[in-house]
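Since the structure comes first, as structure tokens, the remarks are kept for the end.
Note that the numbering runs from 1 along the sequence shown for the chain. All ligand and atom numbering here is 1-based and tracks the order in the structure.
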Amino acid sequence: MTNRPIAVFDSGAGGLTVLRRAWALYPGEHFIYGADSNHFPYGSRSLSEVRTLFLRFLEFFIAQDVKAVIIACNTATAAALEMAQEICPVPVIGVVYPGAERAVKTTVNGRIGVLSTYATYKSGIYRRAIGQYGQKAQVVQWPCPVLVTMAELGHTETQQAREAVRECLNMIFPHEVDTVVLGCTHFPHMERIFYEEVGERATIIDPGYETARHLPQVLGPLSSGPGGSIQFFTTGNEKDFNRISSSLWPDAIIEAKSITWTPEGLKSRL
Ligand code: DGL
């Protein structure tokens with residue numbers, strides 16, 4: 001069990017913000033990162049389309065004999081968490097619930113802002129999850145797809161990114177939220193800007209970080225290393241993925257393998 005890898009999934013480079021946290025906490029573990037870059041962005045797709053796309057990856061991960069699957073994508077969590085948990089022989093963990101729980105524990109005035117993709121916003125998953133942990137909390141949501149595109153292109157420190165973050169925050173702060181959930185895993189790539197723009201007005205919650213911390217509760221003790229590893233797979237162009245991902249996570253060595261859909265499932269081209 002201990003040597004089996006943990007799968008981490010996103011539509012693109014957003015899930016790296018979750019993997020980076022997990023890797024920092026458990027550097028003795030083996031991770032497989034899967035990015036469905038060919039179908040990015042998920043946020044503008046229907047939930048049923050996202051579910052179908054994610055379930056292909058789930059098969060791929062199961063074939064790699066993983067010991068758990070982290071859906072490091074809020075949109076795919078909204079679309080497929082429940083079904084994945086039903087059909088997968090190993091634990092499947094979505095980023096939404098650990099983030100919602102932390103937000104409920106953090107808020108003082110009971111007003112929680114959630115920024116996400118359009119699909120996550122429409123799904124209502126954060127409202128349900130927050131309601132599950134704190135009946136009285138009021139949820140103010142806003143979709144910010146432009147931030148997803150910017151992060152995926154590696155534009156995380158630009159003036160344009162700052163203005164886009166400010167615009168999204170301006171949609172929720174009039175509702176006096178004291179807690180802001182970064183409800184898309186692409187957003188923590190812009191965390192410096194978020195922290196500067198939010199300032200003292202609210203506490204920022206990163207559901208990816210909460211998920212990484214929550215893992216031992218599901219999987220038992222995890223290895224703090226050394227000796228772990230990370231393998232990267234993308235359905236897109238591996239050179240583009242390596243270039244952008246390395247700029248977003250400069251400490252990591254990112255050499256992805258390209259995988260493609262075949263009638264027998266997702267297969268590596270190498
Ligand atoms: N990073 C993903 C999320 O957390 C999806 C972004 C997208 O593909 O639109 O929702």
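Remark: Phe233 pairs with Phe60 by the ring-ring contact (aromatic ring centres under 6.0 Å, His included) rule, at least two apart or across chains.
Using a distance-only test at 3.5 Å, with no hydrogens or angles considered, a donor-acceptor pair links the side chain of Thr235 to the main chain of Asn38. Although no hydrogens or angles enter the test, the distance criterion places a donor-acceptor pair under 3.5 Å between the side chain of Arg127 and the main chain of Val139.
Between Phe232 and Trp249, the angle of the ring planes goes over 60°, which puts this pair in the perpendicular group of the 30/60° scheme.
A donor-acceptor contact under 3.5 angstrom links the side chains of Ser37 and Thr234, judged on distance only.
For the atom pair NE2 of His155 and OG of Ser247, the computed distance is 8.5 Å after rounding to the nearest 0.5 Å.
Contact residues for ligand 1 (protein heavy atom closer than 4.0 angstrom to any ligand atom): Asp10, Ser11, Phe40, Pro41, Tyr42, Gly43, Cys73, Asn74, Thr75, Thr117, Val148, Cys184, Thr185, His186.
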